[in-house]
**Student:** 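The structure's right below; bear with me while I get my questions together.
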Number of protein chains: 2
Amino acid sequence: MISAEAGSRRVDPAPEPAEGSLLLDDQLCFALYAASRAVTARYRPLLDELGLTYPQYLVMLVLWEQDAISVRELGAALQLESSTLSPLLKRLEANGLLHRERRADDERSVAIRLSEEGARLRDRAATVPVSIGDAMGLTPEQDALTKQLLRLLTANVSAD
Amino acid sequence: MISAEAGSRRVDPAPEPAEGSLLLDDQLCFALYAASRAVTARYRPLLDELGLTYPQYLVMLVLWEQDAISVRELGAALQLESSTLSPLLKRLEANGLLHRERRADDERSVAIRLSEEGARLRDRAATVPVSIGDAMGLTPEQDALTKQLLRLLTANVSAD
DNA sequence: CTCGATTAAGTCGTGCGCAACTTATTGGCC
DNA sequence: GGCCAATAAGTTGCGCACGACTTAATCGAG
């Protein structure tokens with residue numbers, strides 16, 4: 001188990017194996033992969049209530065924060081390609097949560113706008129982060145530390 | 001930046017926001033999702049050399065560790081459903097990396113066995129963890145801490 | 001021994017995620 | 001102005017992930 005002190009305390013004397021082990025449980029990548037799927041799974045029943053998938057929920061988070069954004073900007077925020085977003089946005093539009101319209105000043109660009117229903121959904125979504133935070137069961141320090149480490153990792157791994 | 005000594009140096013006084021924020025960048029879930037995809041993307045060119053996808057690589061890691069395992073055991077190790085593994089294993093078999101055969105003592109079960117080629121692939125894969133470890137750029141302490149935190153998170157979130 | 005419940009693996013449908021590509025528009029250089 | 005590179009969005013193909021379901025084998029209570 002991990003100490004609450006934001007990781008300040010010794011954790012375990014587990015014999016950390018040689019660099020470059022091929023053992024599954026030594027791989028940070030697998031811990032990451034498993035954690036990501038486990039968290040998504042925990043979201044699923046909550047998001048089902050809202051009629052959203054997890055990636056769709058992330059898109060809505062961005063839109064609730066800044067409406068009338070382009071697909072490109074959305075992709076920059078979520079680190080997703082247009083080939084992922086375009087069909088996803090189509091589904092959200094079909095579900096009545098947003099509108100898509102070409103920008104007058106640049107016909108290449110498409111502005112994504114929340115519909116009334118999409119904007120209203122924000123209220124119903126308000127309980128989701130709290131519920132997930134509970135399930136995660138991390139102290140605020142652990143939560144912040146994990147975020148920091150994951151961002152560092154992402155930045156390093158994304159570098160050139 | 002994050003300190004190496006498991007948090008010995010101050011990181012940042014970023015105003016950690018209210019519990020239950022809907023801002024994308026406050027969500028641990030998003031940091032996790034983004035990190036997982038970024039790491040997988042980093043693996044991709046290395047695994048392309050081996051003719052493997054990332055989930056296929058994870059399966060091979062398990063098999064290199066313990067051969068002649070059942071689909072069920074593989075699923076337990078990777079936390080994946082048979083509906084994910086069955087087609088994936090079919091593809092690995094088609095690529096000549098493994099064989100599948102019904103167990104004599106329990107005809108419901110299927111034993112997954114490495115082929116010669118699958119076993120040999122291990123040598124070529126040996127450099128992958130080192131290369132990825134480099135790219136991740138975490139200190140051993142940061143690496144271990146991240147793994148610990150992710151396992152804690154996974155365990156909490158998976159609990160009933 | 002029997003038969004209903006359980007278990008293992010697999011199929012099917014849907015929605016990502018991404019590489020490779022296409023289409024349409026814009027910008028820049030002469 | 002004309003043309004070509006760059007850019008934005010979208011399409012296609014493939015491989016996961018997973019829920020819901022199917023098939024087949026085994027288990028176990030009576």
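Letters A, B, ... mirror the listed sequences (proteins, then strands); counts begin at 1.
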**Student:** Please check: side-chain N/O of Ser115(B) versus main-chain N/O of Gly96(B), any donor-acceptor pairing under 3.5 Å?
**Tutor:** yes

**Student:** Need to verify one output field. Residue with the more 5' nearest nucleotide on DNA chain C, Glu107(A) or Gln79(A)?
**Tutor:** Gln79(A)

**Student:** For dG17(C), does either OP1 or OP2 sit under 4.0 Å from a side-chain N or O belonging to Arg44(B)?
**Tutor:** no

**Student:** Can you figure out which of dG17(C), dG10(C), dA25(D) approaches the side chain of Asp106(B) most closely?
**Tutor:** dA25(D)

**Student:** Check every atom of dG10(D), dG17(C), dA8(D) against the side chain of Arg37(B) and return the nucleotide holding the closest atom.
**Tutor:** dG17(C)

**Student:** What's the closest nucleotide to the side chain of Gln56(B) if the choices are dA8(D), dC16(D), dA17(D)?
**Tutor:** dC16(D)

**Student:** Is there a side-chain contact between Glu49(A) and Val128(A) (heavy atoms, below 4.5 Å)?
**Tutor:** no

**Student:** For Arg72(A) and dT7(D), is the shortest distance between a side-chain N/O and OP1 or OP2 below 4.0 Å?
**Tutor:** no

**Student:** In terms of the nearest nucleotide of DNA chain C, which residue is placed more toward the 5' end: Ala104(A) or Glu73(B)?
**Tutor:** Glu73(B)

**Student:** Nearest to the side chain of Thr84(B) - dT11(C), dC16(D), dA9(D)?
**Tutor:** dC16(D)

**Student:** Report the nucleotide, chosen from dG17(C), dG10(D), dC16(C), that has the shortest atom-to-atom distance to any side-chain atom of Arg91(A).
**Tutor:** dC16(C)

**Student:** On DNA chain D, check which nucleotide each of Arg103(B) and Arg100(A) is closest to and give me the residue with the more 5' one.
**Tutor:** Arg100(A)

**Student:** Please check the phosphate of dG15(D) (OP1 and OP2 only) for any side-chain N or O of Lys90(B) closer than 4.0 Å.
**Tutor:** no

**Student:** For Glu101(A) and dT25(C), give me the distance from atom CD to atom C1', rounded to whole Å.
**Tutor:** 18 Å

**Student:** Parallel under 30°, tilted from 30 to 60°, perpendicular over 60°: which one fits the rings of Tyr43(A) and Tyr54(A)?
**Tutor:** tilted

**Student:** Does Arg108(A) offer a backbone N or O that forms a donor-acceptor pair with the side chain of Asp106(A) under 3.5 Å?
**Tutor:** yes

**Student:** Tell me which nucleotide among dA9(C), dA6(D), dC16(D) gets nearest to the side chain of Pro55(B).
**Tutor:** dC16(D)

**Student:** So, OP1 or OP2 of dG17(C): does either fall under 4.0 Å of a side-chain N or O from Tyr33(B)?
**Tutor:** yes

**Student:** dC18(D) P sits how many Å from Leu88(B) CG, rounded?
**Tutor:** 12 Å

**Student:** dC16(C) P sits how many Å from Tyr57(A) OH, rounded?
**Tutor:** 15 Å

**Student:** Can you find a donor-acceptor pair, distance only, under 3.5 Å between Ser83(B) side chain and dG19(D) base?
**Tutor:** yes

**Student:** Does a side chain donor of either Glu81(B) or Thr84(B) reach within less than 3.5 Å of an acceptor in the other side chain?
**Tutor:** no

**Student:** How do Ser82(B) and Leu89(A) order along DNA chain D: which one's closest nucleotide is nearer the 5' end?
**Tutor:** Leu89(A)

**Student:** In whole Å, I'd like the distance from the CG atom of Asp48(B) to the P atom of dA19(C).
**Tutor:** 10 Å

